[in-house]
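Report on one structure; see the data block that follows.
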Amino acid sequence: MIHGVPCVSFDCPYGPSDIITHNENGLLVENGNTKAFSEGILKLINNEALRRLMGDDAIIKTKKFSPENIIQQWHNLFKSLVS
């Protein structure tokens with residue numbers, strides 16, 4: 001995602017939906033549904049405009065998970081535990 005590639009992922013219970021917003025920066029498909037998964041990949045392969053739009057949004061989303069932001073969150077957590 002950091003390189004502007006929208007993801008296609010199974011919507012499993014933990015993880016992907018915290019990072020991917022369906023139809024904004026990637027596609028989430030029913031967990032285990034390989035047909036929907038392959039259709040999602042083909043949708044992005046065949047639609048350059050959609051792929052680029054979602055890719056741009058993917059780059060923006062990854063900033064939330066940048067080391068600078070994550071390190072600051074850990075720092076704030078540890079600081080709150082000491083206080």
Side-chain angles (χ1 to χ4, degrees):
M1 290 176 72
I2 198 166
H3 297 289
V5 178
C7 291
V8 178
S9 176
F10 291 119
D11 192 10
C12 54
Y14 304 103
S17 64
D18 294 326
I19 301 168
I20 300 168
T21 304
H22 182 66
N23 281 329
E24 287 184 23
N25 54 35
L27 300 172
L28 293 170
V29 299
E30 178 187 10
N31 195 20
N33 186 338
T34 56
K35 185 175 190 298
F37 187 86
S38 61
E39 288 170 350
I41 292 171
L42 288 172
K43 178 179 180 176
L44 293 175
I45 288 172
N46 293 320
N47 189 333
E48 182 179 356
L50 179 63
R51 187 174 65 246
R52 287 185 184 272
L53 182 65
M54 285 188 179
D56 290 344
D57 285 345
I59 292 169
I60 293 166
K61 181 69 173 223
T62 61
K63 293 182 189 315
K64 177 180 178 182
F65 301 100
S66 72
E68 295 80 13
N69 286 331
I70 299 300
I71 290 168
Q72 187 61 49
Q73 290 176 27
W74 279 106
H75 175 75
N76 293 342
L77 173 64
F78 291 141
K79 197 170 158 183
S80 74
L81 297 173
V82 175
S83 301

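Predicted model, so just to flag it, every value in this text is computed and none were measured. Numbers here are sequence positions counted from 1. These numbers come from the heavy atoms of this one structure, side chains and all, not from hydrogens, waters or symmetry mates.
Remark: E68 pairs with no residue by the salt bridge (Lys or Arg N to Asp or Glu O under 4.0 Å) rule, at least two apart or across chains. For the side chain to side chain contact (heavy atoms under 4.5 Å, CB included) test, residues two or more places apart in sequence or in another chain that qualify with L77 are W74, S80, L81. When the side chain to side chain donor-acceptor pair (under 3.5 Å) test is applied to Q72, the partners found at least two apart in sequence or on another chain are N76.
Listed here is the closest heavy atom pair of G4 and P6: O-CD, 3.6 Å.
Shown here is I2, whose CD1 atom has no more than 12 heavy atoms of other residues, nucleotides or ligands within 6.0 Å.
Side-chain heavy atoms closer than 4.5 Å link hydrophobic residues (I, L, V, M, F, W, Y) into clusters, and following such links, possibly through other members, connects L27 to F10.
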Identify all side-chain donor-acceptor contacts of residues 52-65 below 3.5 Å with residues at least two apart in sequence or on another chain.
unit_1: R52; atom_1: NE; unit_2: E48; atom_2: OE2; d: 2.8
unit_1: R52; atom_1: NH2; unit_2: E48; atom_2: OE2; d: 2.9
unit_1: T62; atom_1: OG1; unit_2: I59; atom_2: O; d: 2.7

Please report, to 0.1 Å, the donor-acceptor pairs under 3.5 Å made by any side chain of residues 38-47, with sequence neighbours excluded.
unit_1: S38; atom_1: OG; unit_2: T34; atom_2: O; d: 3.3
unit_1: S38; atom_1: OG; unit_2: K35; atom_2: O; d: 2.9
unit_1: E39; atom_1: OE2; unit_2: K35; atom_2: NZ; d: 2.6
unit_1: N46; atom_1: ND2; unit_2: L42; atom_2: O; d: 3.1
unit_1: N47; atom_1: OD1; unit_2: A49; atom_2: N; d: 3.4
unit_1: N47; atom_1: OD1; unit_2: L50; atom_2: N; d: 3.0

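Expressed to the nearest 0.5 Å, how far CE of M1 lies from CG of N25 amounts to 4.0 Å.
Listed by first and then second residue, the side chain to side chain donor-acceptor pair (under 3.5 Å) pairs that reach into residues 2-17 come to none, sequence neighbours excluded.
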